[in-house]
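So that the names make sense, note that chain A is the first sequence line, chain B the second, and so on, each numbered from 1. Every heavy atom of this structure was used, including side-chain atoms; hydrogens, water molecules and symmetry mates were not.
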There are 4 protein chains.
Amino acid sequence: MDKQFTILVNCTDETGLIYRITRILFENGLNIVKNGEFVDQESDHFFMRTEAEGTTNESALTEALTAILPANSKVEVITGKKKKLVILATKENHCLGDLLIRNHFNEWNAEITAVISNHDLLRDFTERFDVPFHHVPADNCSREEHEQLLTEIINRYAPDYIVLARYMRILTPGFAQQYRGKVINIHHSFLPAFIGARPYRQAFNRGVKIIGATAHFVTDQLDEGPIICQNVISIDHSHSAPDMARAGRGIEKMVLAQALKLVLEDRVMINGNKTVIF
Amino acid sequence: MDKQFTILVNCTDETGLIYRITRILFENGLNIVKNGEFVDQESDHFFMRTEAEGTTNESALTEALTAILPANSKVEVITGKKKKLVILATKENHCLGDLLIRNHFNEWNAEITAVISNHDLLRDFTERFDVPFHHVPADNCSREEHEQLLTEIINRYAPDYIVLARYMRILTPGFAQQYRGKVINIHHSFLPAFIGARPYRQAFNRGVKIIGATAHFVTDQLDEGPIICQNVISIDHSHSAPDMARAGRGIEKMVLAQALKLVLEDRVMINGNKTVIF
Amino acid sequence: MDKQFTILVNCTDETGLIYRITRILFENGLNIVKNGEFVDQESDHFFMRTEAEGTTNESALTEALTAILPANSKVEVITGKKKKLVILATKENHCLGDLLIRNHFNEWNAEITAVISNHDLLRDFTERFDVPFHHVPADNCSREEHEQLLTEIINRYAPDYIVLARYMRILTPGFAQQYRGKVINIHHSFLPAFIGARPYRQAFNRGVKIIGATAHFVTDQLDEGPIICQNVISIDHSHSAPDMARAGRGIEKMVLAQALKLVLEDRVMINGNKTVIF
Amino acid sequence: MDKQFTILVNCTDETGLIYRITRILFENGLNIVKNGEFVDQESDHFFMRTEAEGTTNESALTEALTAILPANSKVEVITGKKKKLVILATKENHCLGDLLIRNHFNEWNAEITAVISNHDLLRDFTERFDVPFHHVPADNCSREEHEQLLTEIINRYAPDYIVLARYMRILTPGFAQQYRGKVINIHHSFLPAFIGARPYRQAFNRGVKIIGATAHFVTDQLDEGPIICQNVISIDHSHSAPDMARAGRGIEKMVLAQALKLVLEDRVMINGNKTVIF
């Protein structure tokens, strides 16, 4: 019976790459369902994502592809294993709630295995969906000690991705490096505008006419990681800073959900400090 | 020296098409710069657009591609010849003005060779840009006689595309069939809402909160042809029908220009009553 | 202590209305916090919404305002009583889920008192939020009999508004008339495009480049009632009809939540088949 | 015969202001056509804009209004005098072209009296529309000397507003102060993101998924003045910096035209470093 494969290739650009790759797929009896390629002209780098179906063996395919590609190429052959998520939250419920409902109704090929928070506020809500909730207070401990506690719980669940659903504490570079390319944050502004704390207050003070939200991978630079999705809404002079925060919540949860869908469908490839989205 | 090619392929779907096509390109020494494919699952049809560079011969390449594709495939190998446009307008200046400025500053690999109108109102404006203007009054003649006069002038210029820049007369099915896939219209609503006359008045009467514009190919069914681009803006209860018309003009000219850019860059393939945009 | 008032006035237009109304407010010691007016030039009708604070008596204020306004004026003086909602749903969880979370965290000055469905599918989910769920099957009964059963349950809760959160049955004109101006529906297209059943399938067949959602009051004409909110998202040729449906869910729940927020804050006045939104 | 008035009031907030103002309008026989008010809660400041029609005398009305308002109130009574504009441009034609066409067809109650540029490139284009063009080279002179030359020409035309239509030189604080509240700039990013030079290059480097444009009043702080309008478009990883610049031009000219329309209709009131838009 046919299996679904997603094949991700990432290598230095050369003439004939698509030909060589599709030849291997053809020789392995795979039918291409969807295909996307991108060449980054500045870095001379080639990215390709293919959805295919057939009966081939993953490791053989990976080996065959690696053999015909330039040295240092990165090849991933992904089949439909359910991905595991851990969510970090603080006090705001809108992003967490949206994710828990999607999880409850199996909207994605993924499972929320735990919610962790530095406050105990969202426990009852989370447990209504039968998802384990861990309260890890940040009081009376250093940032590093707190992250050590987080890490222990996170690693217990061995998640594919960690989602910061309005988690309001700054993470250390060490934390980001440990989970490189696996931590997704929703920032409540259209980055790079209003980096850092209280972006709606900053937006109010600046008198902007649009506000937005940005989902991005977390790196060791605060709010500087590769952007996955952004969206905005119009506001006007009659919006107070709390009005903006309220209006922005709808965009935040929508942008986070879009970004997560793309990531879970293996449509996002990291290209330095940017993303390629297929 | 390297030439730029755009290669469009359109055929029944089969396993191995991308492999076969890219093999031919590779064997002809072409480097792929950009590639896009799409399979219409409902009609089982394959579409591919490739930008490539190299020194090959167009007719040989077309022949080589046709040879390895299913019967009835359509292959186009396009090089950078400047395309010729004829614009039809009536009284409104915003879409025409936008196109004339882009033409004046050579924004596109295309040339507006003539403007034709059923009124003489836009003559002075058009001629300021050194573009020939033809007034073809529609009074005292049948719709068929009028189109016969239009056709004679249009054919004199042998245009690649005919652009209806708020041309306010309904064209006969005969006209549309004569220039099948070559006539682009901007309709001042987000089709299929508000087909036909006075869409802003219709929008006002219905009390919608968004209005829009649609650029589409003209077929023998009024406002029913393949859609290329659409966009919308928000309005509210304080907009009168003329306010909406004014606000809509900005979207109309933007959508028409976007559609034309896509068409002139050979990014639009017609798929029955739809478009595939690469 | 100061109370908050929202004052809605709706009457034939005349010179001096704002002056007369604000004089009454001033004489009653009210401070205007926010004010909006609109004159419908076509119907010569005046609409005004005022947020004010002070210590006056509602019925005295209503009487004083009515006394200085044209005959047949409509005056409402609203204080902050919590509004009651009944939700009707079928099988889709996204709009219902979004509303239940907002209700759970008291986001609005309103309470969801019950959920009613023609299927039993959403019972467990609804009851996790401690909201009563009523299953009213539509099998083996006429449309009128089914609505009779619905009506009995609805009336038990005496709701201020009935929200159709992707309720997939067509309501009779009789039902709409019974709850005139109190029933809010989310339609999964940018009306008036794609009225009726399966709008995403209609959108797919037409090949549109944008899809949308519309929140509107329900009248006896299907999908023809006063529009409250609309929004759209871009799609492309690669979206199947189910892809569109999935993408559209985010917009549907956002538009419904926006419309409900406006209605619950008494910002929406019905003007024939349109709305005035303050 | 009735005249049209626009009345702008700007003062410290107090109870009863709308009542007092509308009483004066009523006593002067004015019919209010449109009305908007806003109270800035942070600065405790009241803004009001009224469109009215009647036969009153402007200076008498201004005096009557001033008499009933708090000290230091600002009252403007504006009638329909055509406003005068001077445009500053450099090499880019899209914003200038859009404005010249709107001017040519009398779209606004305003007249472009001159175009000034630090290059001679746009002379022929400007003169095709019978608008005077002044070339003021910036070579071989200091920034202050150059602005002195600009100022002499500008003052000759006594403009109501100076529009920077992609004028690519930084103006000194002295210039901004001289024309306080009269200089409107279009910046090619969604401010405050990408302040300063080459914003599309900055956007490309950051890997954002949306780009935008901002129209704002010029103050002595670069790109920091009160924002009038902003808008954005979506882009993706396939856009090079020049692609972004091309895509952004459509938004730039649309945002500048919207801002100018608002300003010319006296709908924009400056509130510190923000705007109130009626």
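- With a 4.5 angstrom heavy-atom cutoff, D/Leu30 touches chain C only via backbone atoms.
- In terms of non-hydrogen atom pairs under 4.5 Å with chain D, the most contact-rich of C/Ile18, C/Ile32, C/Ile21 is C/Ile18.
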Write out all chain D-chain C donor-acceptor pairs shorter than 3.5 Å, or none if the list is empty.
| from | atom 1 | to | atom 2 | distance (Å) |
| --- | --- | --- | --- | --- |
| D/Thr15 | OG1 | C/Asn31 | OD1 | 3.2 |
| D/Asn31 | OD1 | C/Thr15 | OG1 | 3.2 |
| D/Asn35 | ND2 | C/Glu37 | OE1 | 3.4 |
| D/Asn35 | ND2 | C/Glu37 | OE2 | 3.4 |
| D/Glu37 | OE1 | C/Asn35 | ND2 | 3.4 |
| D/Glu37 | OE2 | C/Asn35 | ND2 | 3.4 |

